[in-house]
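Take a look at the structure below.
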Amino acid sequence: MSNEDKPAAAPRSLAEALRARDDASLSALLRARPDLITPVPTDLTQLATRAGTRASVVRALERLDRFTLQTAEALAVAPDPATYDELLALMAGDDADRAVTKALPRALAALRDQALVWGSDDRLRLVRTARELLAPSPQHPTPTGLGPTVAEATAGMSPGRVQEILTAAGLPTTHDAVSAVASLGALFSDRTRMSALLDEAPADSLDVLSRLVWGPPYGQVTADPATRLRWLLDRGLLLPTAPGTVVLPREVALHLRAGRAHRATEPLPPQVEVAATHRPTLVDATAAGQAYTALATVEELLKDWHEGGPAVLRAGGLSVRDLKRTAVALDVPEPTAAFWVELAYAAGLLASDGEAEERYAATPAYDEWLELPAAERWSRLATAWLAATRTAGLVGGRDAKERTLSALGPGLDRSAASEVRRRVLALLADLPEGASAAHASVLARLRWERPLRGTHPSPSSAPSSSDDLRTRLAEWTLSEAEQLGFTGRGALSSHGRALLGAPPAPAKPPAPSGPGDKLPVHHRHHDMPAEPQAAPLSPAEQAAAAAEATRLLAPLLPSPLDHVLLQADLTAVAPGPLERPLADTLGVLADVESKGGATVYRFTPASVRRALDAGRAASDLHAFLAAHSRTPVPQPLAYLIDDVARKHGHLRIGAASAYVRCDDDTLLNEILADKRSAGLRLRRLAPTVLAAQADPATLLEGLRAMGFAPAAESAEGDVLITRAHAHRTPPRTAPEPVPDGPPVPDTTLLTAAVRAIRAGDLASTAPRKPTADPAGADGGLPRTSSAETLATMQAAVLTGEAVWIGYVNAEGTASQRVIAPIRVEGGFVTAYDHTADEVRTYPLHRVTGVAELADDQA
């Protein structure tokens, strides 16, 4: 029989199984488990070793869906190796569940693809580390709820006691304990004989078994067990594991469970249910309104911090008091205020200024952002939110050291945040257009897709509760997406779908026929596996998605207005968003009284004086109001401006420490006579000048509090114009998201890595001709003299054959390579290096030795 006709031998190790894979399969493995490629393994043996390390296996298990994880758990309690039929029996049970039978090949293929399972269908092996993590033990029970096998449970039992159990179970005694345990295990695994044995059991003994069958399989007994327990102990249906503790053997539990390893297998992902269906235009309009509110909120936040925001805590972040003040200023709850603060930070619009007395302030990027069209400003915010790993929902909680987590402080990064956001939105994108999802079904779907994410001790622990991190991230995503305008009325908007890069929505389902009908659910074909995790877009794709989202959102946002409506009660109503110059000027001249669909501004003496302090003359204010009001300027407002302007600057304040001067000495007498001026410690220097011990700013505020309208003046006697000082940080970059493990390699890197691994494997496994050198015989680096090395190299140049060499580089690192020498001259050999897949030149003095390859590999 020729070599081609020989059947492929079963792999004896994971490395051999990987060696049998094609390049596409290896690339898929490295893409699914990118930690295996950092750094690139030298050969397939090293790749297999790395794939079996605890950290890598834990990470791979965390990315399995529930059914695939259940398949791995079933293999962990199956014989090693197991056949496909044995695995199917554990998953589908005696009744051969059709859904499980149909889904099992996909789950097993996924485990094979990720190198967690290897071997043919008649010899399936779970990677040893995965078996150790998933196999049940007293310290780490698994979701299967199974206990040890009969052989494991009787390992420390005396041979005499084992023979007594055989006799009580109606089995013939044997000559040794090993065959006795095997006989007992065969009884418990035989459905017919086991049923006959249990038919003889007292009812209360069966009740004991029913309480242990689904786990935990351990129970407590006294030194003198009750009759119902004694019957079970005598026949080995319960086995002692420690003084006072018994366990239900795995074989007995599987019989009572009708062969199932799990109480409930979940071969199909839960469907995402539709909670309500809205008109798509209504969804987009609602989302656009929320998007505009989001822009206004971020602007208001940074306007409030225009002259320098709150101080940075010593440990970093905002104090609780400053967060409360920010929430009051924005008129939102504190958790919502934390979200807007963190969003502005993630978008690079605010940061700490780095001064000695460090404070938060807007960045130069904020000024650039303000100049963009509204739709583009929204896409910048939404893109930053999608990628951010900082999690505002954690603010106010506690870290591992019981320290309070503060907004903008450390400890808020969660590497899974971005993945969860994209996955939640992808699930919404799978629904028909205008459909909102039932939140509970979204959370159930996420728990099915990643049952181990968010659990902490080890994969052998039970699936996490509804309060795990991944669930909370999903809940926060649904809330934040609505606040940001990504969704409207719970449904994904058209601009949100575009920014996500999602495909068009599926066809709309039929509407309910009556009030009693349930809303339809989003159905997927049962043959289809779970949706893959949504991968982040490339920079070019993200730019295109942002441009499309901007195009869709722009027509939905309200156009800025260039006018207000002045009213006789000293208020102005802005019926919509105002153009920026108008809004800025009006914000100085009046105070915002209420917000909503229309903003109400109120004019007061203090607000008018603020405009005059900013350098505006009364005539400027009259002209401004007349130009921008659709209604005539009310007479009370005109009188207010003129009255404040007439008094403004009548008193002059400068530095003595400070002084007050006024041409009207009667007014100065009035100030001196006022008891409220005592704290300013005023004294008359001249008929028109008073001196004060207070500084000019304190004197200015004190006289204004007394009802006067003083103006500050410079050293030259000119009136000082006071404008808000815009405080900006130095240029800052937005915070980088914390990656959730190594990045997924691109196609170019995967191709190069697979080529390098193949070449390295060729060098390490290529058959060599027999050599007298012991180092070369056992697979180590070959050792030859300089003359032998040179002669073999020159011969290989003439024959064109490849040779195996040992090489030590300049750093002293030894390696073995397969090369095809091209030229030998000047103490160097130029050769095509199969290991590196390129032509290289090596100094001959660094070649430790050379050996010819076997004839079939030359």
Side-chain angles (χ1 to χ4, degrees), residues 15 18-19 23 26-27 30 34-51 53 56 742-743 745-746 748-854 857-858:
L18 294 178
R19 200 164 283 125
D23 289 354
L26 280 181
S27 295
L30 297 177
D35 55 297
L36 301 182
I37 204 175
T38 310
V40 177
T42 57
D43 54 33
L44 288 169
T45 300
Q46 188 179 90
L47 176 63
T49 301
R50 194 176 296 174
T53 59
S56 183
D746 58 23
T748 303
L749 176 58
L750 285 174
T751 302
V754 170
R755 185 186 300 120
I757 294 170
R758 291 282 192 204
D761 201 58
L762 172 64
S764 62
T765 61
R768 267 81 69 177
K769 286 185 176 180
T771 174
D773 177 53
D778 63 5
L781 293 180
R783 297 285 180 181
T784 57
S785 67
S786 300
E788 291 174 326
T789 298
L790 180 60
T792 307
M793 291 286 191
Q794 290 172 336
V797 171
L798 296 175
T799 61
E801 294 181 347
V803 294
W804 176 56
I805 68 169
Y807 181 74
V808 178
N809 63 14
E811 288 75 31
T813 302
S815 62
Q816 48 189 339
R817 300 170 180 275
V818 174
I819 66 172
I822 300 171
R823 183 173 60 255
V824 179
E825 62 183 10
F828 293 88
V829 56
T830 301
Y832 176 76
D833 188 335
H834 290 275
T835 310
D837 195 20
E838 64 182 8
V839 175
R840 289 185 174 181
T841 299
Y842 297 102
L844 284 174
H845 71 273
R846 294 194 178 276
V847 176
T848 64
V850 61
E852 296 179 5
L853 298 179
Q857 295 290 327

### Query
Once you round to the nearest 0.5 Å, how far does CZ of Arg846 lie from CZ of Phe828?
9.5 Å

### Query
Can you tell me if Thr38 uses its side chain to pair, donor with acceptor, with the backbone of Asp35 under 3.5 Å?
no

### Summary
Which of Leu844, Val803, Ile805, Ile822 passes side-chain contact (heavy atoms from CB on, under 4.5 Å) with Val829? It is Leu844

### Spacing of Thr53 atom OG1 and Leu36 atom CG [to the nearest 0.5 Å]
7.5 Å

## Note on the structure
Nearest heavy-atom contact between Thr45 and Ala15 is CA-CB, 4.0 Å

### Message
Nearest 0.5 angstrom please: Leu47 CG to Leu26 CG, how far?
### Response
7.0 Å

### Summary
When every non-hydrogen atom of Arg758 is compared with those of Arg19, the smallest separation belongs to NH1-O, 3.7 Å

### Query
With Glu811, which residues qualify under side chain to side chain contact (heavy atoms under 4.5 Å, CB included), at least two apart?
Asn809, Thr813

### Message
Using side-chain heavy atoms (C-beta onward) and a distance below 4.5 Å, is Pro742 in contact with Ile37?
### Response
no

### Query
Pro743 and Pro34: which non-hydrogen atoms are nearest, and at how many Å?
O-CB, 3.4 Å

Compile the donor-acceptor pairs under 3.5 Å between side chains in residues 787-794 and protein atoms, sequence neighbours left out, one pair per line.
| residue | atom | partner | partner atom | Å |
| --- | --- | --- | --- | --- |
| Glu788 | OE1 | Ser785 | N | 3.1 |
| Glu788 | OE1 | Ser785 | OG | 3.3 |
| Thr789 | OG1 | Thr784 | OG1 | 2.7 |
| Thr789 | OG1 | Ser785 | O | 3.0 |
| Thr792 | OG1 | Glu788 | O | 2.8 |

### Residue list, side chain to side chain contact (heavy atoms under 4.5 Å, CB included) with Thr830, at least two apart or on another chain
Arg823, Val839, Thr841

### Query
Are the side chains of Leu749 and Asp746 in touch, meaning some heavy atoms are under 4.5 Å apart?
yes

### Summary
Heavy-atom nearest pair, Thr848 first then Tyr807, reads OG1-N, 4.2 Å

